[in-house]
Amino acid sequence: MAELTEQEQIRRNSLAELRNLGINPYPAALYDVTAKSADILERFPREPEAFTHVSVAGRIMSRRIMGAASFVELQDDCGRIQLYVKRDEICPGEDKTLYNTVFKRLLDIGDIIGVEGFVFVTQMGETSIHVTKLTVLSKSLRPLPIVKEKDGVVYDAFNDPEQRYRMRYVDLIVNPQVREVFVQRAKIVNTMRDYFNEQGYLEVDTPVLQSIPGGAAARPFITHHNALDIDLYLRIANELYLKRLIVGGYAGVYEFSRNFRNEGMDRTHNPEFTCMEIYVAYKDYHWMMTFVETMLARIANTLHGTTKVSVWGNEIDFKAPFRRVPMCQLIKEMTGYDVEGMDEAQLRDTCKALGVETDSTMGKGKLIDAIFGEKCEHTLIQPTFVTDYPIEMSPLCKRHRDNPNLTERFELFVCGKELANAYSELNDPIDQLERFQEQLRLSEKGDDEAMFIDMDFVRALEFGMPPTSGMGIGIDRLVMMMTGAQSIQDVLLFPQMKPLTMSGDNNEGDDLSQHGVDENWIPVLAKAGIKNYEQLKAANPNKLFNDLGGLRKKMKLEIPALRREVFDAWLG
RNA sequence: GACUAAGUAGCUCAGCAGGUAGAGCACAUCCCUUUUAAGGAUGGGGUCCUGGGUUCGAAUCCCAGCUUAGUCACCA
């Protein structure tokens with residue numbers, strides 16, 4: 001057990017005192033909440049009669065104690081409201097313990113209480129609850145960061161990213177704007193779900209554990225299934241499964257899919273992330289562009305009441321229609337080079353001329369993509385559909401109806417970032433197999449992201465898939481844009497962090513106890529600087545044995561003196 | 001993976017010409033019986049991220065490591 005800080009010890013003492021007074025600091029019974037802070041603040045001025053008796057519950061966020069009367073800021077799920085706690089009101093009789101001892105001394109910032117009372121307006125003009133009854137609902141044993149705010153200026157903000165992400169619960173308690181982001185995230189997802197359901201598309205779940213990681217070019221995570229004794233991959237995309245379902249006869253299917261990619265992490269990439277993919281039978285990519293425009297405008301309106309959203313310093317207008325421009329035309333616009341119809345050698349020369357780096361594993365598709373990525377992508381600030389990608393970089397996409405070297409594909413760019421990706425889906429099984437085989441050749445050439453061949457998927461196509469349009473959209477990025485978040489970590493509740501070896505934590509010494517070290521001595525060893533078995537073996541045994549004896553006295557421990565043969569047994 | 005920066009009290013941060021570790025908030029005790037980040041006084045609280053090195057002496061200088069952030073590479 002880690003040593004407690006003074007403040008933690010004081011709170012534990014308060015906890016014990018509450019129990020001694022017959023107050024359960026963690027009562028089992030439900031607490032009947034009849035009002036919320038936001039509702040009271042909004043409605044009380046208009047309809048005071050509705051609030052002559054309320055009960056609210058929440059966390060104590062600040063206290064101003066002045067003798068026989070106190071003011072408390074109580075935070076519930078939708079905001080804060082001030083409480084007016086008067087001694088003789090909550091303690092009408094002779095016994096003033098509940099106020100003097102329980103409220104003033106044993107309760108702290110961070111504790112969760114329920115109060116009953118009536119709403120009124122203080123002399124300072126603040127709507128408050130005049131408390132007549134106070135119930136302890138949960139005692140908090142750790143001090144919260146104290147964030148204060150006046151006139152929009154925040155004092156002592158809790159803003160260390162590491163602590164915020166590792167202890168998101170604390171972040172959510174003290175930073176209301178963080179809680180709001182995840183409310184918005186849910187709104188975005190629900191808006192999309194409503195939009196799809198209204199049109200009769202079916203929400204489905206497909207496997208996360210896959211034996212062939214298909215549907216995207218990415219490095220997968222590998223895991224192992226014991227009973228089957230096979231390696232499985234965590235999905236990198238769900239595309240191939242959703243298309244099997246279109247083969248199966250659904251008009252439209254969609255899934256909010258948690259995907260996993262074993263790649264770098266940065267401001268816009270987390271190892272697990274959420275994509276929404278949707279596939280609709282008998283549609284093409286032109287239809288899908290309109291579908292996406294409408295969806296995004298609706299999301300922006302739901303969240304902000306307008307299609308104009310401020311994203312990373314740009315005012316983005318999600319009003320449909322968005323610009324639609326073929327990739328090669330855009331490259332021509334930005335660089336002056338017409339890459340359409342160039343062979344691999346010509347593309348390499350063009351890359352060189354433009355100062356775009358290449359390597360030997362890159363085929364035509366990747367070369368064009370490199371030019372696009374370097375010269376065009378960052379210029380696409382307002383929502384723009386880039387269409388008609390070269391065939392080499394789109395192995396699951398139907399050939400363009402007017403040009404066999406291109407595909408019917410679009411990507412949507414906003415603020416220079418890819419937001420969505422969509423195709424007229426390839427449903428020619430023979431063409432699909434050839435494209436997979438081309439991927440295999442790329443893989444042999446050294447492209448470690450080239451796709452695997454999924455023969456069952458090819459078989460599904462052989463049964464016949466209707467013409468279909470499919471679209472994938474990165475939910476995390478979408479939420480970032482819609483909420484103005486700078487980092488993907490700000491739109492994920494628990495972004496991936498490197499685990500810490502928590503020193504002083506309970507697990508410490510596990511490794512020692514496994515080697516037969518007496519539990520009582522593990523804290524003493526820790527004091528002597530020995531935290532694992534390796535360090536124990538490495539220490540000078542004579543010196544350590546003596547030190548342990550000394551520390552036992554120094555720490556005033558009630559355990560028997562350590563015998564040398566016991567000590568030697570630890571060392572094996 | 002590379003480079004740069006940061007890591008000091010529960011939180012936010014000073015301190016870095018090397019010489020006993022500081023402030024505000026929070027906490028405790030007392031005074032005041034009063035409201036709007038902060039009433040007054042007093043006090044407690046620290047493995048200055050970890051481990052080495054230089055030095056009589058290291059929070060401070062040097063090296064290595066850990067974690068985080070930013071940029072780059074890869075990717076959505």
Choosing from B:U35, B:G24, B:U67, which nucleotide comes nearest the side chain of A:Glu162?
B:U67
Counting just side-chain N and O atoms, does A:Arg166 come under 4.0 Å of either OP1 or OP2 of B:U68?
yes
Using a 6.0 Å cut-off, check whether atom CZ of A:Arg142 has over 12 heavy atoms from anything other than its own residue.
no
Choosing from B:A38, B:C25, B:A37, which nucleotide comes nearest the side chain of A:Arg64?
B:A38
Contact under 4.0 Å: A:Lys148 side-chain N or O vs B:A26 OP1/OP2
yes
Return the nearest nucleotide to the side chain of A:Asp266; candidates are B:G10, B:A28, B:A73.
B:A73
Just by distance, with hydrogens left out, do A:Asp490 and A:Tyr165 show a side-chain donor and acceptor under 3.5 Å apart?
yes
Would you please determine if the base of B:A38 is stacked by A:Tyr155, with stacking meaning a centroid separation under 5.5 angstrom and planes under 30 degrees?
no
Counting heavy atoms from C-beta on, name the nucleotide in B:A69, B:U67, B:A26 closest to the side chain of A:Lys498.
B:U67
Just N and O in the side chain of A:Arg267: are any of them under 4.0 Å from OP1 or OP2 of B:U71?
yes
Distance check: side-chain N/O of A:Gln163 vs OP1/OP2 of B:C11, anything under 4.0 Å?
yes
Closest to the side chain of A:Arg261, out of B:C74, B:U67, B:A76, is B:A76
On the side chain of A:Glu73, is there an atom forming a donor-acceptor pair with the base of B:U36 - under 3.5 Å, no angle test?
no
Is it true that, when you exclude A:Lys104 itself, more than 12 heavy atoms of the residues, nucleotides or ligands shown sit nearer than 6.0 Å to its NZ?
yes
Does a distance-only test, which skips hydrogens and angles, find a donor-acceptor pair under 3.5 Å between the side chain of A:Gln7 and the base of B:A26?
yes
